[in-house]
Amino acid sequence: MIPTTADAYQLLHDGSLALARMEENGFCIDMDYLQRTTQEVTSRIKEFERELQADKLWREWRKRFGEKASLGSDTQLTELLFNVLKHPYPEGEEWRTNTGRYRADEETIGAVDLPFTKLWQRCKKQKRLLGTYLNGIAREVVNGRVHASYNLHTVETMRSSCSDPNVQNQYKRDPEMMKILRRCYVASPGCVLVEIDISSAEVRVAACYNRDPVLIKYIKDPTTDMHRDTAADLFLLPVEFLIEHKDWAKRTVRDWAKNRFVFPQFYGSVYFQCAPSLWEGVCNPAVKVPGTDLTVKQHLRAKGIRKLGACKPAKQGENEPEEGTFEHHVREVERSFWNQRFKVYTEWKNRWHEAYLKKGYYDTLTGFRMAGHYKRNEVLNGGIQGDAFHCLLWSIIKSQRLFDRRKLKAKPIAEIHDSMILDVPVEEVQEVLTLAHKVMTVDLPKAWDWLIVPMEVECEIAPEGGSWVDVAQWVNKSGTWGPK
DNA sequence: TAATGCAGCGCC
DNA sequence: AAAGGGCGCTGCATTA
C-alpha cells in the first residue's frame, strides 16, 4: 500500500493521532459486575464439567485417551464420537477440515443428538465467554478502564484492527451472551454511552465505485429495498406480500435474503454456497407463510421446488444443478441478480479486475495504491472495505476537533469499522449528536467528491447509569434528539 | 519448554 | 467460470 495523495498521507497521520487519543481515553468497565460475573461463569463451567464427567461417555473418553483425556479437546471428542462410537458422519470434502480431519464446529457436534454433546457445547460456550472475553477485559483493565490498541497499518485493505482486548468483536447477535458481556462496558460517571454508525457503509461505498444506477436508487429511495426484492425472488413471494407482512418478512425471509444471499454475493459468494444456508431457513417448521398454514418449504414445494440439491462446486459440464431443486432456483436468482438487476455493478467488477490484472495494482477512492498479488474477490472488495472505514476515520478525526474547539468533554472511546462509540457528559448529548451527525452526513460528502450517494447514520444511546447492553436508537425530531 | 500451526468463532 | 472480503483470541496438538 502506498498513499498517492497528500490527503491520503494526512488521513493516516491525523487518524493515528485520533486513535491514539481514543486509546488513551479508554472504555470504562464496571469492575464489580465483571468480578461477580467471572465468578458466576466460572462456577457454571465447573458445574457443567462435573455433569459431563458423570456421563457414561466420559468413561469411554477416559478409556480411549487415558491420562491425556481432556474435556476441552474437540479433536478427542470427534475421535470418540465418530471413530470409537461410530456415530454417523457426513461424506464429502466440505465436512473435513483443511488437514482432512473431522470438523468439530457447532454444526457437526450439534448433529450428534446426545445429552452429553448438548451439554458439552453449552460448556464450551461458557468457556469462551470466560477465557476470551471476561478474562480478556480483566487482563487489560487499568484504573477501571480498558485501553485497547488500534492499528492503522496492519490490515491488508486499510481498515483498522483492534487488540488487547479486541473491542471490535464483543458478543452482539447472541442475545444471552450479549447481555452478559456488554454489561461490563459502561459510561464514565456523569456520562452516557453513544454509538453512531454509518448505515450500510460498504454498500454506499460500493455504489461509489461501480456507480450502478439500480444500487444508487436502492440507496437513495427509502421506499425501495434490495433485500426485500431479493427475498421475493428467492422465496417466490410477491413484493407486495412482503410489504404487507413487513414485520414477519424482516424476521424471516428478508433477513435470510440479506444475510445469506445479498451480502455473501457482494463479497463474492456463489449460488451453491448460498443455497444450503438459505435452505436451512426454509426448513424451519416454526416459520409459516402469513395467511396460510404452509411452511416456507411447503410453499416452495407447491411452486415445484422439492429439495435442496447437491450444491457441489460447478465444474465444466459437471455438477449442473438439477431442475426442480432449490439450488437450481438460487442459481437463476443469482443470474438475474447480477445480469439484470445489478448489471452495471457486474460490468464494473469485470473491468476493475481486468485493469488490476493488467497493471498489478488498484487505486482506492481515498488515494491509496494497492499493489500486490490479490485474488479476484480481494481486488473487488479491498477498496470498498478500506474506504468505508476511512469514512468513519475521517468522521472521528473531524468530530474530535469539533469537540475540542467547543470545549466539550465528549470523547471517542472505541471504533468498530463503521461505528464510533463516545463517552458523552449528559448535558452535552444534544450538541454532540447534532455535531457528529453533521460531520458524517454533510461535511464528509462535501470533503470527498467521490462520495456520490448520501450518507446516513444511526444513533444509539444508553440511559444514564446504563451499559453497552442498554443502547437504544435515538432520532432527531424537529431539531431535538430523543428515543425513536 | 517454547514456538508454531490449526481450527473454531466472535465482530464488521 | 466463479469458489465470501477483513480481523484477533483461545486451547489443543505438534514441532523445534
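Letters A, B, ... are given to chains in the order of the sequence lines, protein chains preceding strands, and every chain is numbered from 1. Worth knowing before you read on, the calculation uses all heavy atoms, side chains too, and leaves out hydrogens, waters and symmetry mates.
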Could you tell me whether the side chain of A:Q385 has a donor or acceptor atom within less than 3.5 Å of a complementary atom in the base of C:dG5? yes
Distance col, row A:M440:CE vs A:C459:SG, nearest 0.5 angstrom, shows 8.0 Å
Got a donor-acceptor contact below 3.5 angstrom from the A:D30 side chain to the A:V186 backbone?
no
Check: Is A:N169 side chain donor-acceptor paired with the B:dG10 base, going by distance under 3.5 Å alone?
Finding: yes
**Prompt:** Base, sugar-phosphate, or nothing for A:N381, non-hydrogen atoms under 4.0 angstrom?
**Reply:** sugar-phosphate
Using atom types as modelled and distance alone, determine if a side-chain donor or acceptor of A:D255 lies under 3.5 Å from a backbone N or O of A:R251. no
- Could you tell me whether the phosphate oxygens of C:dA13, OP1 or OP2, come under 4.0 Å of any side-chain nitrogen or oxygen in A:S73? yes
- Have a look at A:K125 and say if it touches a base, only the backbone sugar-phosphate, or nothing, with a 4.0 Å heavy-atom cut-off. sugar-phosphate
Remember a base hit wins even if backbone is also touched, and classify A:R103 as base, sugar-phosphate or nothing at under 4.0 Å, heavy atoms. sugar-phosphate
Would you tell me if any nitrogen or oxygen in the side chain of A:S70 comes within less than 4.0 Å of OP1 or OP2 on C:dC12?
yes
**Request:** Look at all strands and tell whether A:A388 reaches a base, only sugar-phosphate, or nothing, counting heavy atoms closer than 4.0 Å.
**Result:** nothing
Notebook entry, point to check: Base, sugar-phosphate, or nothing for A:R173, non-hydrogen atoms under 4.0 angstrom?
Noted result: base
query: Counting any heavy atom closer than 4.0 Å, what does A:C162 reach on the DNA or RNA strands: base, sugar-phosphate only, or nothing?
result: sugar-phosphate
Q. So what does A:E94 touch, heavy atoms closer than 4.0 Å: a base, only the sugar-phosphate, or nothing?
A. nothing
Discussion item. For a quick check of understanding: with a heavy-atom distance under 4.0 Å over all strands, which category does A:Q76 fall into, base, sugar-phosphate or nothing?
Written reply: sugar-phosphate
Any base atoms under 4.0 Å from A:F272, or only sugar-phosphate, or nothing? Heavy atoms, all strands. base
- Can you find a side chain N or O atom of A:R139 that sits less than 4.0 Å from OP1 or OP2 on C:dT10? yes
Under 4.0 angstrom, heavy atoms only, what part of the nucleic acid is A:Y271 near: base, sugar-phosphate, or nothing? base
